[in-house]
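Presented below is the structure to which this report refers.
In what follows, every chain begins at residue 1, and chains take the letters A, B, ... in the order their sequences are listed. Keep in mind that what you see is a predicted model, and the values were worked out from it rather than measured.
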Amino acid sequence: MEKYNPNNLEKKWQKIWEENDLFKAEYSYEKKKFYILEMFPYTSAQIHMGHVRNYTIGDVVARYKVMNGYNILHPIGYDAFGLPAENAAIKQNIHPKDWTYKNIETIREQLKRLGISYCWEREVITCDPEYYRWNQFFFIQFFKRNLVYKKMAPANWCPFCQTVLANEQVIDGKCWRCGENVETKNLEQWFVKITDYAERLLDFSGIRNWPERVITMQKNWIGKSEGCEIYFYIPDIEGNLNVFTTRADTLFGVTYLVLSPYHPFVEKIKRISSRKNEIEKFIERMTKSSLSVKDILKIEKEGINTEIFAIHPITQERIPVWIGNYVLMEYGTGAVMAVPAHDQRDFEFAKKYDLPIKIVIKNPEWKEIPEKLEKAYEGPGIMINSDIFDGLDNEKGEEEIRKYLEKINKGKKAIYYKLKDWCISRQRYWGTPIPIVYCQKCGVVTEKEENLPIELPYEVKITGRGESPLKYVEKFIKCKCPVCGNDAERETDTMDTFVDSSWYFLRYASKDIKDKPFDKNEVNYWMPVDQYIGGIEHAILHLLYSRFFIKVLKDMGLIDFEEPFENLLCQGMVIKDGVKMSKSKGNVVDPEDIIKKYGADTLRLFILFAAPPEVDLEWSEKGIEGCWRFLNRVWRLHYEVKNYESIETKNDENLEFIINKTIKGVTEDIEKEFQFNTAIAKMMEFINFFSKIINEKSVSKKVLLDSWKKFIKILYPFVPHISEELWKDLGENKFLFYEKWPSYEKFEKIDKKISIGVQINGKLKGAVEISQTFEVNEILNLISENEKFKKFIIGKKILKTIYVKNRVINIVIED
RNA sequence: GCGAGGGUGGCGGAGAUGGCAGACGCGCUGGACUUAGGAUCCAGUGGGGAAACCCAUGAGGGUUCAAAUCCCUCCCCUCGCACCA
């Protein structure tokens, strides 16, 4: 017997699989397709356990589906643009491109060493001009469709590094690199109108199976609220102040208005208010505070009375206008009507500044209207103190007041979303150049499609300081205007890398395509992705942007489907000592070390066995050893099978039953939410039984061998290398990849005797062996003759007997 | 505060439709084979008890012949969202 030596054996099979083009995907209308996709890795130095988990899960699904007759697309690529490449450039003095491609080499080798069944010839590398030219192409199409625009927008700015920072690079209001306080700086930036698609993005009906929490997170992110805009006339500035509210029914309870410190009216009010100086000071204090978002939540509500008045649209009362720090400029109109009686925030503010509180909705639980409220009443009720609307149910009142306002031209129905347009500008080098040209004569124009790609220049100085490094590359900037042909300048912003990942899965589906982003037929065949697998950290941005992209592409007529990912599985993190593996925690386990020691199959098996895919997985070296032992056991048993000589055949039927039961269990566990951990447990159970029976030599060689072959087949998707080795060692010459997943149809329980639980008054007292055909009274007879149970029943009246077939019998007796 | 998901041995985790709680693995205990074993094999392993038995699924109630599973009250943990008008 050879010793199980995974390292040689795994490399051998990986080579043979590759030479035989096993995993090459070909599109074919005869076969039902299955597109299995894992989120592609970012090209940092090497892969970590999180990747191993993600890709192993995908590989099991892919191999399992192939064996079940599907035509599989299982591709991989690299998310290759992004800031870390520039940081590496600064730190290690290496060009971002060289750094990235070097990493890709490493990662590719690591993925191959794991034995994942990828179709390598469809690899996508997003920093390849042949890929990102299509980002530019889409940008131009979006521009034509009026889906991109440029506007001033605040960006995080580090005054020391002289650079723009991404949100995640701002830590507690400070620059992650130098620790300087981060300021906001207004810059002209490019936006994509994702808000145009807010309604369609809220519709998840085209999605089959996504985790509920991901859908909820996206819904919250889009944050739709339906309400009413109301216009309050301000005589002093001869203009309307618009507020947004979802509670128009409380309009008669308005006792003041509040503006955000950033509201454009603040300037006007400052000019005419008698409290100009105080207001100025207040605004300065509120807008200068470089607090992080979390701190802002903790700070107390503060405000200042402008001493300016607005006119109530119905009562014509004079309503004081305040400026308050609790009103967000980014939401609604940046101004609210305050109804302290029915909104807790307004209530707190009113209490603090001693503003009037007017009750206009009667809580049904109130016997009479209270003199004073302890807190705002935000629930439903009957309207009071509301003139002609008195007595209405508040929900009805909301509608009535809105209609009335519309009639007198003082308001209108309005829908607001939290979702903001997608800022895709990055003042960075390592990204897709935005294909825009600035011409003195023609203005802002898009580059001609035939001039794409606009390639990133290799020669560039990356310092991490100042604006986009491209600003200093003259060769890049200088160009001809695509409209008039005169000298012009290029845009130097590059695109957010989420653009790259919004459609990469379409490119996979289009093999060897050169003259367009993808082939429509092939994409329509493979798409949508049948199973997408990745981390929960992409629950919102990547998945939302991809959904958006696909909808736009559909509207452009480029594709025929509405949703990119039908089924989504978010796998849990790999944790050690209770926390996520990370460099800073110093608890990282390198997959390469584990593979060297135990081989890829052991690593795969452990990662699948230790927990169900969607929950966090606690790393355990001992657990790895357990899996290593299991595979060694399989290995040894294999040689026992080969040398086996039967003594008797009494267990033939039994073994057939057990292998069929195992196949059924494993199949169902995979089909049902990918419960690989229990599937593996069932295979371990099989091995426990199998090794017992092989020691007894109580089955015929034929049945033994037959069961063993079936077992190797179901083992294959989990640990493909060892399975393939054993398979071939049995004299089989077809690859397991091309074998059919075994069926379990024709099996029934051979053993007619089973054991059922015996309960007296619901309490378990033991078990009896019965024949499956027994009727209740036969079982009852058996029990009343049994020494163990006799004493409970003798002399007692049996009130009732409940028999759950083949499981349990409960005898209810009088006490 | 709101929303979602959880709390089961020493540990990771199993437990369709309510029906023998703790599959499988780890760890631990004992034994076999061994010069030795951290290799392998066999047996045991929720707690209490000598035993008969009794007690156990976050806590407490309830429904039921029967509850980890269903209902109510509460506690704790994790993850989202968070002054969104």
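At the heavy-atom level, A:Glu685 lies under 4.0 Å from the strands shown only through sugar-phosphate atoms. Using a 4.0 Å heavy-atom criterion, one finds that A:Lys622 contacts the sugar-phosphate atoms exclusively. Counting non-hydrogen atoms under 4.0 angstrom, A:Lys805 reaches nothing in the nucleic acid. Within the nucleic acid shown, A:Lys763 comes within 4.0 Å of sugar-phosphate atoms alone, with no base atom in reach, counting heavy atoms only. Using a 4.0 Å heavy-atom cutoff across all strands shown, A:Val339 reaches no nucleic acid atom at all. The residue A:Val812 sits close only to the backbone: its heavy atoms come under 4.0 Å of sugar-phosphate atoms, none of a base. Backbone-only engagement by A:Asn688 is indicated by non-hydrogen atom pairs under 4.0 Å involving sugar-phosphate atoms exclusively. Looking at heavy-atom distances under 4.0 Å, A:Gly626 makes contact with sugar-phosphate atoms alone, never a base. Among the atoms of the strands shown, only primed sugar atoms or phosphate atoms (P, OP1, OP2) are found under 4.0 Å from some heavy atom of A:Leu764. Residue-level contact check: A:Asn632 touches neither bases nor backbone, having no heavy atom under 4.0 Å from any strand.
Separation of the C1' atoms belonging to B:U69 and B:G18 is 6 Å when rounded to the nearest angstrom. Taking the P atoms as reference points, B:G15 lies 16 Å from B:G58, given to the whole Å. For B:C54 and B:G3, the P atoms lie 44 Å apart once the distance is rounded to whole Å. Distance noted for atom C1' between B:U8 and B:A56: 10 Å (whole Å). Comparing B:G10 with B:G48, their P atoms are spaced 10 Å from each other, to the whole Å. Nucleotides B:C70 and B:C2 are separated by 26 Å at their C1' atoms, to the nearest Å. Taking atom C1' on both nucleotides, B:G22 is separated from B:G44 by 16 Å, rounded to a whole Å. The separation of B:G37 from B:G47, taken at their C1' atoms, amounts to 34 Å, rounded to a whole angstrom.
A salt bridge does not link A:Glu640 to A:Arg636: none of the charged nitrogens lies less than 4.0 Å from a carboxylate oxygen. Electrostatic pairing of A:Glu199 and A:Lys224 counts as a salt bridge here, judged by a charged N lying under 4.0 Å from a carboxylate O. Of the charged side-chain nitrogens involved, none lies within less than 4.0 Å of a carboxylate oxygen, so that A:Glu330 and A:Lys418 do not count as a salt-bridged pair.
Minimum interatomic distance between A:Tyr744 and A:Asn660 (heavy atoms only, all atoms of both residues): CA-OD1, 3.5 Å.
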Problem set entry | Intra- and interstrand pairs of RNA chain B - dot-bracket, Watson-Crick/G-U under 3.5 Å, | marks other strand | (((((((..(((......[....)))((((((.......))))))(((....)))..(((((..]....))))))))))))....

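Closest to the side chain of A:Asn677, from the set B:G19, B:G13, B:A85, is B:G13. Comparing B:C20, B:A85, B:C79 by their nearest atom to the side chain of A:Ser225 picks out B:A85. Proximity note for A:Val336 (side chain, C-beta onward) versus B:C26, B:A85, B:G3: the nearest is B:A85. Comparing atom distances between the A:Met217 side chain and each of B:C42, B:G80, B:A14 picks out B:G80 as nearest. Listed nucleotides B:A14, B:A39, B:A85 differ in distance to A:Tyr331; the shortest reach to its side chain belongs to B:A85. Checking B:C83, B:G19, B:C54 against the side-chain heavy atoms of A:Asn325 singles out B:C83 as nearest. Closest to the A:Phe609 side chain, of the nucleotides B:A85, B:G27, B:C24, is B:C24. When distances run from any side-chain atom of A:Tyr326 to the nucleotides B:G25, B:G12, B:C83, the shortest one goes to B:C83. Comparing B:G19, B:G27, B:G12 against the side chain of A:Asn810 picks out B:G19 as the nearest. Comparing B:G27, B:A14, B:C24 by their nearest atom to the side chain of A:Gln675 picks out B:A14.
Close placement of the A:Tyr4 and A:Trp628 rings is indicated, their centers lying within 6.0 Å of each other. For A:Phe686 and A:Phe711, the gap between ring centers is short of 6.0 Å.
Taking the O4'-C1'-N9-C4 or O4'-C1'-N1-C2 dihedral as appropriate, B:G9 has a value within 90° of 0 and is therefore syn.
One interatomic measurement links the two molecules: CD of A:Gln344 to P of B:G1, which rounds to 13 Å at whole-angstrom precision. Rounded to an integer number of Å, the gap from CD of A:Glu769 to P of B:C20 is 17 Å. When rounded to the nearest whole Å, the span between CH2 of A:Trp628 and C1' of B:G38 equals 14 Å. What separates CD of A:Glu618 from P of B:C77 is a distance of 19 Å, to the nearest Å. Atoms CD (A:Glu212) and P (B:G80) sit 18 Å apart, rounded to a whole Å. Rounded to an integer number of Å, the gap from CZ of A:Arg213 to C1' of B:C2 is 18 Å. Taking atom CE of A:Met573 as the reference point, atom P of B:C79 lies 8 Å away to the nearest angstrom. The nearest whole Å value for the distance from the CD1 atom in A:Ile222 to the P atom in B:G80 is 19 Å.
A sub-4.0 Å separation between OP1 or OP2 of B:C20 and a side-chain N or O of A:Ser755 is absent. Note on A:Arg633: a side-chain N or O is less than 4.0 Å away from OP1 or OP2 of B:C41.
In this structure A:Lys597 satisfies the salt bridge (charged side-chain N to carboxylate O under 4.0 Å, His left out) test together with A:Glu621, sequence neighbours excluded.
Toward the 5′ end of RNA chain B lies the nearest nucleotide of A:Gln759, the other residue of the pair A:Gln759 and A:Gly623 mapping further downstream. Of the two residues near RNA chain B, A:Gly334 and A:Thr678, the one whose nearest nucleotide lies more 5' is A:Thr678.
With contacts defined as side-chain heavy-atom distances shorter than 4.5 Å, the pair A:Met217/A:Trp221 does not qualify.
At a cut-off of 3.5 angstrom, counting only N and O atoms as typed in the model, there is no donor on one side facing an acceptor on the other between the side-chain of A:Lys800 and the base of B:C65. On a pure distance criterion of 3.5 Å, no polar donor-acceptor pair joins the side chain of A:Arg807 and the base of B:A21.
Seen from the ring of A:Phe349, A:Lys301 does not count as a face-on cation partner, given the 6.0 Å and 45° thresholds. Judged by a 6.0 Å distance limit and a 45° cone about the ring axis, A:Arg633 is not positioned over the six-membered ring of A:Phe690.
Ring-plane geometry between A:His312 and A:Phe232 is classed as perpendicular, the angle between the planes exceeding 60 degrees on a 0 to 90 degree scale with a lower cut at 30.
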